[in-house]
Engineer: 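The structure that follows is given in the form of structure tokens.
Counting convention: from 1, in listed order, for ligands and their atoms alike. Just so you know, residue 1 is the first one in the sequence shown, and it goes up from there. Quick note: numbers below take in every heavy atom, side chains included, and nothing from hydrogens, waters or symmetry partners.
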Amino acid sequence: MSVSWYPGHMVKAKRLIREQLRVCDLVFELADARIPESSRNPVLGELTAHKPRILVLTKPDLADPTLTRRWMDLLRDGPIPVLKFNAARGGRTKNVFDAALAVLNAAGDRPQAFRAVTVGIPNVGKSSFINRLTGQRVTQTGRRPGVTRGKQWIRINRWLELLDTPGTLWPRTCEAEVGYKLAVTGAIPDEAVDKREVAGWLISWIKQHNPRALIRRYELRAVPGEIGDLLEIIGLKRGLLLPGGKVDHEKTAAILIKDFRNGLLGRFTLDSPEKCE
Ligand SMILES: Nc1nc2c(ncn2[C@@H]2O[C@H](COP(=O)(O)OP(=O)(O)OP(=O)(O)O)[C@@H](O)[C@H]2O)c(=O)[nH]1
Ligand SMILES: [Mg+2]
């Protein structure tokens, strides 16, 4: 599957980031802990390469904790300081502030006040991150990608102001696997993809890595060989029928993807740290 979701607001967002970087001292690059590699926009990486940066892995509560530890170890060896942060619950803001001050101090003399920007793919949790840092709902968040549109500066504390930016993907078609991973985790809106295809990819992945997750969640005796058969069983169990009584595969696929996103199938990390070691 190729990613073909690159609407006009992303072109604008890229321009906005490029412009605003001039007045920023620090970049928070947010990546999804479930796909620490696939969720890093290479265009943003290039754009922000000359600035002090901190990589923040979001949604660690949905990722496999063992693999998150492995990813963190691996990324700590890289050029950018890394931390994980649960913006939905329990993220430790002190860790973020300590890391920011360390990076800023290392970068040179200390002005009175700093400006930072959050960048990352759509729906990765940029606005939630900012809300968590302020302890208030100062920016709009949502389950769908593409919630933030304009630019919004937010005062975090005495010394830090933070710019929220719209999520951006990259224009060029990427590896099919990356496209599926972005779709499954919610960086691409469901309307822009074939849900059955995405659910099919997800089922194959889970079957390969942890088939019991499907058995448990959907009370199956075994995972059928064919993806269509699995959708059929789940659809029947949930009563997801079309007029005429046939199973609605599209709706069933949507339920499966939603269950994954809500962590109801378990905690999964789709990018393997082994490939990068
Ligand atoms: N479980 C979990 N959910 C999170 C976390 N961070 C953000 N979310 C959820 O992810 C969804 C997207 O969050 P946003 O903060 O709107 O993401 P964004 O990056 O600002 O998205 P755009 O503005 O659309 O680019 C929301 O439903 C959040 O509640 C996290 O650490 N864990
Ligand atoms: Mg946002």
Engineer: With a 4.5 Å cut-off on side-chain heavy-atom distances among I, L, V, M, F, W and Y, is there a chain of contacts connecting Ile35 to Phe85?
Structural biologist: yes

Engineer: Can you list the ligand 1 atoms lying under 4.0 Å from a non-hydrogen atom of Leu62?
Structural biologist: 1 (N)

Engineer: Please write down residue, atom name and distance for the protein heavy atom closest to atom 31 (O) of ligand 1.
Structural biologist: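 Answer, as residue, atom name and distance: Ala87 N, 2.8 Å.
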
Engineer: Counting both backbone and side chain atoms, is some N or O of Gln140 under 3.5 Å from an N or O of ligand 1?
Structural biologist: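 Not met; the criterion fails.
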
Engineer: Can you tell me how the ring of Phe268 sits relative to the ring of Phe260, calling it parallel under 30°, perpendicular over 60° and tilted otherwise?
Structural biologist: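 Answer is parallel, since the angle falls under 30°.
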
Engineer: Step through the shown structure and confirm whether more than 12 heavy atoms of other residues, nucleotides or ligands are within 6.0 Å of CZ on Arg144.
Structural biologist: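 Open: at most 12 neighbouring heavy atoms sit under 6.0 Å from CZ of Arg144.
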
Engineer: Angle between ring planes, Tyr180 versus Trp201, binned at 30° and 60°: parallel, tilted or perpendicular?
Structural biologist: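 Parallel, since the angle between the ring planes stays under 30°.
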
Engineer: Within the 4.5 Å heavy-atom criterion, are Val247 and Leu231 side-chain neighbours or not?
Structural biologist: no

Engineer: Charged N to carboxylate O under 4.0 angstrom, Asp271 versus Arg40?
Structural biologist: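 Result for this pair is no, no salt bridge flagged.
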
Engineer: For atom 19 (O) of ligand 1, what's the nearest protein heavy-atom neighbour? Residue, atom name and distance, please.
Structural biologist: Lys126 NZ, 2.7 Å

Engineer: Considering only protein heavy atoms, which is closest to atom 7 (C) of ligand 1, and at what distance to one decimal place?
Structural biologist: Ser128 OG, 3.4 Å

Engineer: What do we get for Thr139 next to ligand 1 when only non-hydrogen atoms under 4.0 Å count, side chain, backbone, both or neither?
Structural biologist: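 Under 4.0 Å from ligand 1, Thr139 contributes no heavy atoms.
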
Engineer: Does an N or O from Gly146, backbone or side chain, lie closer than 3.5 Å to an N or O of ligand 1?
Structural biologist: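 Yes - when backbone and side-chain N and O of Gly146 are compared with those of ligand 1, one distance drops under 3.5 Å.
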
Engineer: Answer yes when Glu175 and Lys181 have at least one side-chain N-carboxylate O distance shorter than 4.0 Å, and no when they do not.
Structural biologist: no

Engineer: Considering only NZ, NE, NH1 and NH2 on the basic side and carboxylate oxygens on the acidic side, decide whether Asp73 and Arg76 come within less than 4.0 Å.
Structural biologist: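 Salt bridge: yes.
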
Engineer: Which residue owns the protein heavy atom closest to atom 26 (C) of ligand 1, what's the atom, and how far is it?
Structural biologist: Gly142 O, 3.3 Å

Engineer: Val223 and Lys207: side-chain contact (heavy atoms from CB on, under 4.5 Å), yes or no, with the steps?
Structural biologist: CA-CA 8 Å; Val223 183; Lys207 254 176 84 174; 3.4 Å; yes

Engineer: Please list, in number order, the atoms of ligand 1 under 4.0 Å from a heavy atom of Asn86.
Structural biologist: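 Here the atoms of ligand 1 in question are 30 (C), 31 (O), 32 (N).
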
Engineer: Test of understanding: given a 4.0 Å heavy-atom threshold, classify the contact between Pro145 and ligand 1 as side chain, backbone, both, or neither.
Structural biologist: backbone

Engineer: Could you check whether any side-chain heavy atom of Leu67 comes within less than 4.5 Å of a side-chain heavy atom of Arg70, counting everything from C-beta outward?
Structural biologist: yes

Engineer: Looking at ligand 1, does Gly120 have a heavy atom less than 4.0 Å from it?
Structural biologist: no

Engineer: Could you list the atoms of ligand 1 found under 4.0 angstrom from a heavy atom of Arg143?
Structural biologist: 27 (O)

Engineer: Below the 3.5 angstrom mark, is there an N/O of Gly167, backbone or side chain, next to an N/O of ligand 1?
Structural biologist: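 Yes.
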
Engineer: Should we say atom NZ of Lys251 is surrounded by more than 12 heavy atoms from elsewhere, each under 6.0 Å from it?
Structural biologist: no

Engineer: Trp205 versus Leu270: any side-chain heavy-atom pair under 4.5 Å?
Structural biologist: yes

Engineer: Considering the Mg ion (ligand 2), could you give the total of protein N/O/S atoms lying closer than 2.8 Å?
Structural biologist: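 That number is 2, waters not included.
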
Engineer: Say whether Val124, considering both its backbone and side-chain N or O atoms, lies within less than 3.5 Å of an N or O atom on ligand 1.
Structural biologist: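 Indeed, backbone or side chain, Val124 has an N or O that close.
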
Engineer: Look only at interatomic distance and state if Val147 has a nitrogen or oxygen under 3.5 Å from any nitrogen or oxygen of ligand 1.
Structural biologist: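 Min N/O separation from ligand 1 is below 3.5 Å for Val147.
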
Engineer: Taking NZ, NE, NH1 and NH2 as the nitrogens, is one of them in Asp61 or Arg89 under 4.0 Å from a carboxylate oxygen of the other?
Structural biologist: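 No salt bridge links Asp61 with Arg89.
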
Engineer: Checking the N or O distance criterion of under 3.5 Å, is ligand 1 in contact with Gly125?
Structural biologist: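 It does: an N or O of Gly125 is found under 3.5 Å from an N or O of ligand 1.
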
Engineer: Could you report the tightest heavy-atom contact between Leu182 and Ser39, atom names first, then the distance?
Structural biologist: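 Heavy atoms only, the tightest pair is CD2-CA, 4.3 Å.
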
Engineer: If you have a sec, work out which protein heavy atom is nearest atom 3 (N) of ligand 1 and how many Å separate them, to one decimal?
Structural biologist: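 Checking every protein heavy atom, the shortest distance to atom 3 (N) of ligand 1 gives Ala88 CB, 3.7 Å.
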
Engineer: What residue and atom, counting heavy atoms only, is the protein's closest point to atom 12 (C) of ligand 1, and at what distance?
Structural biologist: Asn123 OD1, 2.8 Å

Engineer: Run the side chain to side chain donor-acceptor pair (under 3.5 Å) test on Arg143 and Asn262 for me, step by step, so that the C-alpha distance in whole Å, both residues' side-chain angles and the decisive distance to 0.1 Å come before the verdict.
Structural biologist: CA-CA 10 Å; Arg143 286 175 172 276; Asn262 289 335; 3.0 Å; yes

Engineer: Quick check: does Asp61 get an N/O under 3.5 Å from an N/O on ligand 1?
Structural biologist: yes

Engineer: Which of the atoms of ligand 1 are close to Pro122, meaning less than 4.0 Å from one of its heavy atoms?
Structural biologist: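 Those of ligand 1 that fall under 4.0 Å from Pro122 are 25 (O).
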
Engineer: Taking the side chain as everything from C-beta on, heavy atoms only, tell me whether Ile156 gets closer than 4.5 Å to Ile130.
Structural biologist: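 Yes. Closest side-chain heavy atoms under 4.5 Å.
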
Engineer: For Thr141, is at least one N or O under 3.5 Å away from an N or O on ligand 1?
Structural biologist: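 No, Thr141 has no N/O under 3.5 Å of an N/O on ligand 1.
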
Engineer: How far apart are the closest heavy atoms of Lys84 and Thr68, and which atoms are they?
Structural biologist: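 Taking every non-hydrogen atom into account, CD-CG2, 4.0 Å.
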
Engineer: For Lys59, is at least one N or O under 3.5 Å away from an N or O on ligand 1?
Structural biologist: yes

Engineer: If you measure from each heavy atom of Phe85 to ligand 1, is any distance below 4.0 Å?
Structural biologist: yes

